[in-house]
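The structure under discussion appears below in the form of structure tokens.
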Amino acid sequence: MPYRPQSLSPDRRALLRGSLAASAALALPAVGAAAAPALALSGRPRAGWGVQAGDVTASSGLVWVRSDRPARMIVETSATESFRHSRRWHGPLLGAGTDFTGTTPLRGLPAGEQVHYRVVLADPDDPRRTGEPVHGTFRTASAKRSDGVRFLWSGDIAGQGWGINPDIGGYRVYDEMRRLDPDFFLCSGDTVYADGVIRPTVTLPDGRVWRNITTEEKAKVAETLAEFRGNFRYNLLDENLRRFNAQVPSIVQWDDHEVRNNWYPGQILDDVRYTEKNVDVLAARSMRAFGEYFPVSTLPARGKDRDGRMYRVVRQGPLLDVFVLDMRTYRNANSPGRQPDDTTGILGAAQLAWLKRELSRSRAVWKVIAADMPLGIVVPDGAANFEAVAQGDPGAPLGRELQIAELLRHIKHARITGTLWLTADVHYTSAQHYDPSRAAFKDFAPFWEFVSGPLAAGGFPATGLDATFGPDQVFLKAPTRANVSPMEAPQHFGEVEIDGGRGELTVRLRAEGGAVLFSKTLQPGLVGQ
């Protein structure tokens, strides 16, 4: 997604200071009817940033919390809100090494059941001194095909300078999604804009004023670990998002803006906003903060050291497997994309081999490939280079297209059925059907790709399609000018519903406010459709 730099310096007197100090955070203004988290050092430990659950399967999940000081994390689970019969899980000691965040894995959960949980923070020196419990709930995936699955997806949050606006109720789209009560939410990347400044006010083209809640960490591009942590913490100031997190478990991936617009490994920045020019250093700090602020099963929190990976498969019972890609960490440099031989591509060789292997092993009716970038939409990076897979040449695969061609060929010849691509990134919503009869490369089975977003960012006009894989854009909803604010146009998210009886999968592209813009129902068991 093209980045639009902020040219004006923020008014620091208007900034509401964030939590740079590891042991404290200040109270911030109300968003909607209730105040954002107010954390204090006196008294008992507090969890003012809410709770989250992530990577929930039929028998497991991760619960996240942040404390305002050193504390022991304790999770209690129950089948009922009364917690009359509960199970206790002893979590980690939360300290400065993880910015006082932590996750507790829950295993051996009952399939297809509502799990109520509460997180209690205990003083590590006196376990009897505990804070007020913070409550959440989630549904485990069902082991029965007949129960069906329904989830939402979108991405792009706090982008282009459009942050939490208390005048319009903050991130109100999260409240709309919460009321739909999905089984889970797939966040398709750009979870924060670490390279995007949030100014106190922005004047719209019609003269209205957009007002942001902002913090010290959002007054400049993120470079230090503390600044990256502050970027991930920023969205949790919104009450709608905290309520959503407490009710809907998430599967989260990243893209470029968690670090810097259009970054790739090995890049040395030519950007006066940065004193740290090595993007690999910035990416390592961001991934550490990402793993601290999202419950991701493959990114365990380990203080200053991190290992693990972003790509993974999250199994949702017999109907659905979600293959979460990382199209950022292992890619080659952005280029004109005309290489006749490219083994690195956008996924890297190891991730591609993993994806082919896991798709072949999957026995789920539907295999959602959660991509953080689109396949056939041309996403430029400057005048000559390209950011995604497509590079505008409608002929045979070149550059990163070669890796996607290899994957699509494998899906066809292994007779893998029920693949579906979901993404965000481009800040509009669309539906593309790919068919070899229209394509320069023909050795693949037809498939669909659906795009949704932004969730809380600027809207942008549509870009072109690359005909290499034969896309037909059967639906498009995009602004006609760049960086349309959420006050001027509705935000977008998608809904996927799998019928447990017939196995049909229906995709709905939705707009904030309740409108269903486009709907498509797919049949199970077909190699291509």
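- Side-chain N/O atoms of Arg172 and Asn165 include no donor and acceptor closer than 3.5 Å.
- Inspection of the Asn332 and Thr344 side chains reveals no N or O donor paired with an N or O acceptor under 3.5 Å.
- Contact of the Arg400 side chain with the Met327 side chain is not registered, since no non-hydrogen atoms from C-beta on lie closer than 4.5 Å.
- Under the 4.5 Å side-chain criterion, counting only non-hydrogen atoms from C-beta, Asp466 is not in contact with Pro471.
- Residue Arg481 places its CZ atom among more than 12 non-hydrogen atoms of other residues, nucleotides or ligands, all under 6.0 Å distant.
- Side chain to side chain, Asn240 and Arg243 meet the donor-acceptor criterion of an N or O pair below 3.5 Å.
- Under the 4.5 Å side-chain criterion, counting only non-hydrogen atoms from C-beta, Val115 is in contact with Phe138.
- Judged by distance alone, the side chain of Thr468 and the main-chain N or O of Gly395 form a donor-acceptor pair under 3.5 Å.
- With rounding to the nearest 0.5 angstrom, the CG atom of Leu152 is 10.5 Å from the CD atom of Glu497.
- Across all their heavy atoms, Ile377 and Ala388 have their closest contact at O-CB, 4.4 Å.
- Here the CD-CZ distance, from Gln114 to Arg139, works out to 5.5 Å after rounding to the nearest 0.5 Å.
- With rounding to the nearest 0.5 Å, the separation of OG1 in Thr343 from CG in Leu352 is 10.0 Å.
- Residues Ser297 and Leu62 meet the side-chain proximity criterion, which asks for heavy atoms closer than 4.5 Å.
- When all heavy atoms of Ala222 and Tyr274 are compared, the pair lying nearest together is O-CE2, 3.8 Å.
- Heavy-atom contacts from other residues, nucleotides or ligands closer than 6.0 Å to NZ of Lys144 number 12 or fewer.
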Would you please test Arg328 and Asp255 for salt bridge (charged side-chain N to carboxylate O under 4.0 Å, His left out) and show each step? CA-CA 6 Å; Arg328 187 59 53 180; Asp255 191 32; 3.1 Å; yes

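- Ion pairing between Asp321 and Arg315 holds under the 4.0 Å rule for side-chain N and carboxylate O.
- Taking 4.0 Å as the cut-off between side-chain N and carboxylate O, Asp195 and Arg260 do not count as a salt-bridged pair.
- No side-chain heavy atom of Val296 sits under 4.5 Å from any side-chain heavy atom of Trp254.
- Between Ile498 and Val365 there is no side-chain heavy-atom pair separated by less than 4.5 Å.
- Counted by atom type alone, Asp181 and Gln247 present one or more donor-acceptor pairs between their side chains at under 3.5 Å.
- Between the Thr429 side chain and the Val451 main chain, a donor and an acceptor come within less than 3.5 Å of each other.
- Checking side-chain atoms of Asp381 against main-chain N and O of Glu387 turns up no donor-acceptor pair under 3.5 Å.
- Residues Leu236 and Phe232 share a closest heavy-atom pair of CG-O, 4.2 Å.
- Listed here is the closest heavy atom pair of Phe228 and Ala194: CE2-CB, 3.7 Å.
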Before you tell me yes or no, could you show the steps for Leu320 and Phe151 under side-chain contact (heavy atoms from CB on, under 4.5 Å), namely the whole-Å CA-CA distance, both residues' side-chain angles and the distance that decides it to 0.1 Å? CA-CA 11 Å; Leu320 175 64; Phe151 69 93; 3.7 Å; yes

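- Paired with Phe493 under the rule side-chain contact (heavy atoms from CB on, under 4.5 Å), one option of Leu186, Leu509, Leu180 passes, and it is Leu180.
- For the atom pair CG of Asp499 and CZ of Arg145, the computed distance is 9.0 Å after rounding to the nearest 0.5 Å.
- Of the possible polar contacts, one joining the Gln403 side chain to the Ile346 backbone as a donor-acceptor pair under 3.5 Å is found.
- When atom types are taken as modelled, the side chain of Gln351 and the backbone of Asp326 share a donor-acceptor pair closer than 3.5 angstrom.
- Checked against Asn235 for a side chain to side chain donor-acceptor pair (under 3.5 Å), the options Tyr171, Tyr293, Tyr174 give a single hit: Tyr171.
- Looking at Glu504 and Thr506, their side chains never bring a donor and an acceptor atom within 3.5 Å of each other.
- The aromatic ring centres of Trp448 and Phe450 sit less than 6.0 Å apart.
- For the pair Glu406 and Lys356, the salt-bridge criterion is met [side-chain N within less than 4.0 Å of a carboxylate O].
- Side chains of Lys477 and Phe518 form no contact here, defined as non-hydrogen atoms less than 4.5 Å apart.
- Among the candidates Val63, Val56, Thr140, the single residue satisfying the side-chain contact (heavy atoms from CB on, under 4.5 Å) test with Leu106 is Val63.
- Side chain of Ser154 to main chain of His492: a donor-acceptor pair is present (N/O by atom type, distance under 3.5 Å, no hydrogens or angles).
- The local environment of CG in Asp270 is sparse, with at most 12 non-hydrogen atoms from other residues, nucleotides or ligands closer than 6.0 Å.
- A salt bridge is defined here as a Lys NZ or Arg NE, NH1 or NH2 lying under 4.0 Å from an Asp or Glu carboxylate O, and Arg178 with Asp175 meets this definition.
- In terms of modelled atom types and a separation under 3.5 Å, the side chain of Gln253 and the main chain of Ala370 share a donor-acceptor contact.
- Using a cut-off of 4.0 Å between Lys/Arg side-chain N and Asp/Glu carboxylate O, Arg312 and Glu358 are scored as not salt-bridged.
- Between Asp183 and Pro249, the closest heavy-atom pair is O-CG, 3.2 Å.
- Put simply, the side chain of Gln160 never gets that close to the backbone of Asn483: no donor and acceptor are under 3.5 Å apart.
- Annotation for Lys367: atom NZ counts as buried by contact number, over 12 foreign heavy atoms lying within 6.0 Å.
- Relative ring orientation between Phe441 and Phe444 is described as parallel, the plane-to-plane angle staying below 30° on a 0-90° scale split at 30° and 60°.
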Set out, in order, the CA-CA distance, both residues' side-chain angles and the distance that settles side-chain contact (heavy atoms from CB on, under 4.5 Å) for Thr298 and Val324, then state yes or no. CA-CA 11 Å; Thr298 53; Val324 184; over 6 Å; no

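- Using a distance-only test at 3.5 Å, with no hydrogens or angles considered, no donor-acceptor pair links the side chain of Trp162 to the main chain of Ala456.
- Distance check, rounded to the nearest 0.5 Å: CE of Met287 to CD of Glu292 gives 12.5 Å.
- For the pair Ala405 and Pro397, the tightest heavy-atom approach, listed with the atom from each and the gap, is CB-CG, 3.9 Å.
- One distance of note links CZ of Phe290 with CG of Asn231; it measures 13.0 Å at 0.5 Å rounding.
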Would Asp190 and Glu258 count as a side-chain contact (heavy atoms from CB on, under 4.5 Å) if you check the C-alpha gap in whole Å, the side-chain angles of each, and the deciding distance to 0.1 Å? CA-CA 6 Å; Asp190 290 343; Glu258 284 81 1; 3.8 Å; yes

Step-by-step side-chain contact (heavy atoms from CB on, under 4.5 Å) determination, Tyr434 to Trp421: CA-CA 11 Å; Tyr434 293 78; Trp421 292 73; over 6 Å; no

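- Contact of the Leu455 side chain with the Asp156 side chain is not registered, since no non-hydrogen atoms from C-beta on lie closer than 4.5 Å.
- In this structure, Trp153 contributes its side chain and Gly453 its backbone to no donor-acceptor pair below 3.5 Å.
- Gln52 and Ser250 form no side-chain donor-acceptor contact under 3.5 Å, judged by distance and modelled atom types alone.
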